[in-house]
Amino acid sequence: MRIATFNVNGINGRLPLLLHWLASAEPDVVCLQELKSPDDRFPAAALRDAGYGAIWHGQKAWNGVAILARGSDPVETRRGLPGDPNDSHSRYIEAAVAGVLVGCLYLPNGNPAPGAKFDYKLRWFDRLADYAATLLDLEIPVVLAGDLNVMPTDLDVYAPARWRDDALFRPEVRAAYRRLVDQGWTDALRTLHPDERIYTFWKYFRNAFARDAGLRIDHLLLSPSVADRLVSASVDRRARGWEKASDHAPVWIDLAD
DNA sequence: ATGTCACAGCCACTGTGA
């Protein structure tokens with residue numbers, strides 16, 4: 001079973017690229033972020049034609065998350081992260097697919113820091129940690145996947161010194177990520193590749209991808225029973241090099257049946 | 001500070017978020 005996460009950076013503008021990638025990677029489950037599409041413009045028919053059922057939580061222009069399932073319809077279990085009824089951003093959706101509870105998330109960027117956006121990011125992280133703890137208590141297979149907008153360690157940044165004060169790398173944010181993982185989650189990529197430089201995002205600026213000036217900010221966190229099934233984990237860098245690429249590459253894991 | 005995208009509002013380009 002292959003589960004992927006992919007920040008598409010606009011699902012309508014990049015639909016041909018997404019369809020091409022789905023056909024070549026054949027993931028069973030896909031978590032998408034940054035749809036940048038209202039719900040009524042989500043390309044459900046094209047995805048259905050490509051063999052994927054979908055649920056989505058969009059909004060105009062910004063944010064937006066979706067879960068795709070190959071050959072089936074994801075069974076939605078939640079939309080929106082608990083803990084703040086006034087949070088209007090579409091950043092969390094969750095579904096049961098083939099015996100796994102899949103939470104797809106787009107954590108706030110948080111720049112500029114300090115400031116209101118950074119405070120919102122930290123609050124969102126706290127809400128995520130509170131909710132993630134309740135998922136672990138269920139003792140069922142759970143995958144939390146998405147763009148967490150945090151580089152966990154220096155190994156995850158091409159130039160750590162330049163990112164110290166950025167909202168994606170400040171100590172408070174790394175500590176929040178560490179507290180979340182320490183609840184009992186397994187960071188799939190880092191667990192299988194403890195010493196490797198792995199990036200999932202390269203800015204559009206300054207030829208970053210060609211220079212491999214990247215960041216690892218897209219993560220798959222596994223509950224214990226899923227971690228026991230983890231076979232492989234990798235970044236599909238091909239898609240970052242394609243025409244009209246997103247600034248993120250897809251990341252996937254393979255689980256034993 | 002900068003760099004490059006996508007999208008909204010609105011028909012040419014600026015503003016915004018990343």
Side-chain angles (χ1 to χ4, degrees), chain A residues 5-21 31-44 46-47 56-66 81 86-92 104-125 128 145-152 156-170 172-174 176-177 199-219 235 237-251:
Chain A
T5 181
F6 186 17
N7 180 324
V8 281
N9 189 12
I11 193 168
N12 289 308
R14 273 183 238 290
L15 185 59
L17 177 128
L18 175 62
L19 294 174
H20 182 61
W21 176 72
C31 295
L32 298 173
Q33 301 87 35
E34 282 206 83
L35 304 179
K36 296 185 173 178
S37 169
D39 280 338
D40 60 5
R41 292 195 55 223
F42 183 85
L47 291 165
W56 59 94
H57 187 202
Q59 68 182 84
K60 191 167 68 175
W62 314 120
N63 309 315
V65 285
L81 192 66
N86 296 318
D87 185 357
S88 60
H89 295 199
S90 299
R91 296 184 177 275
Y92 188 83
C104 171
L105 62 120
Y106 176 46
L107 207 130
N109 176 294
N111 276 305
K117 289 183 178 179
F118 190 62
D119 294 342
Y120 172 63
K121 177 176 195 167
L122 294 178
R123 285 201 311 275
W124 211 94
F125 231 132
L128 176 62
D147 177 358
L148 276 78
N149 267 316
V150 53
M151 299 83 86
D156 304 307
V157 191
Y158 69 98
R162 291 189 187 180
W163 287 83
R164 293 278 176 230
D165 294 327
D166 191 275
L168 279 67
F169 201 49
R170 286 174 66 105
E172 307 95 305
V173 176
R174 279 183 282 140
Y177 179 84
Y199 303 136
T200 66
F201 166 89
W202 299 259
K203 288 190 294 184
Y204 288 122
F205 317 149
R206 294 185 172 179
N207 217 16
F209 184 57
R211 296 187 295 117
D212 200 25
L215 309 172
R216 189 174 76 97
I217 57 177
D218 300 274
H219 306 296
V235 179
R237 295 171 62 108
R238 297 174 308 159
R240 183 61 180 80
W242 291 345
E243 195 83 13
K244 294 273 289 176
S246 168
D247 41 6
H248 295 250
V251 185

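Note on naming: letters A, B, ... go to the chains in the order of the sequence lines (proteins, then strands), and numbering restarts at 1 for each one.
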Practice item. May I ask you to verify whether the side chain of A:R206 and the base of B:dT2 hold a donor-acceptor pair under 3.5 Å? Key: yes
Review point. A:H219 vs A:Y177 aromatic rings, parallel, tilted or perpendicular, using cut-offs 30° and 60°?
Key: tilted
Practice item. Establish, for the pair A:R174 and A:F169, whether the NZ or CZ atom is under 6.0 angstrom from the six-membered ring centre and no further than 45 degrees off its axis. Key: yes
Review point. Just how far, in rounded Å, is P of B:dC5 from CG of A:N207?
Key: 10 Å
Review point. In whole Å, what separates the P atom of B:dA1 from that of B:dC13?
Key: 28 Å
Check your understanding: In whole Å, what separates the P atom of B:dG15 from that of B:dC11?
Key -> 15 Å
Review point. So what does A:K203 touch, heavy atoms closer than 4.0 Å: a base, only the sugar-phosphate, or nothing?
Key: base
Review point. Any side-chain heavy atom of A:R216 within less than 4.5 Å of one from A:V235?
Key: no
Review point. Tell me: CH2 of A:W163 to C1' of B:dG3, nearest whole Å?
Key: 11 Å
Point to revise | Identified side chain to side chain donor-acceptor pair (under 3.5 Å) counterpart of A:Q33 within the set A:N7, A:D147, A:T5 | key: A:T5
**Study point:** Footprint string (nucleotides 13-18 of chain B, 5' to 3'): B base within contact, S backbone only, - free, heavy atoms under 4.0 Å
**Key:** ---BSB
Practice item. Could you state the atom-to-atom distance from CZ of A:R162 to P of B:dG3 in whole Å? Key: 15 Å
Exercise for review: Whole angstrom is fine here: how far is it from CH2 in A:W242 over to P in B:dC5?
Suggested key: 18 Å
Check your understanding: Any side-chain heavy-atom pair from A:W163 and A:D156 closer than 4.5 angstrom?
Key -> no
Exercise for review: Using atom CD of A:E243 as one end and atom P of B:dC5 as the other, report the distance to the nearest whole Å.
Suggested key: 10 Å
Point to revise | For A:F209, the option from A:W202, A:Y199, A:F201 that meets ring pair (Phe, Tyr, Trp, His ring centres under 6.0 Å) | key: A:W202
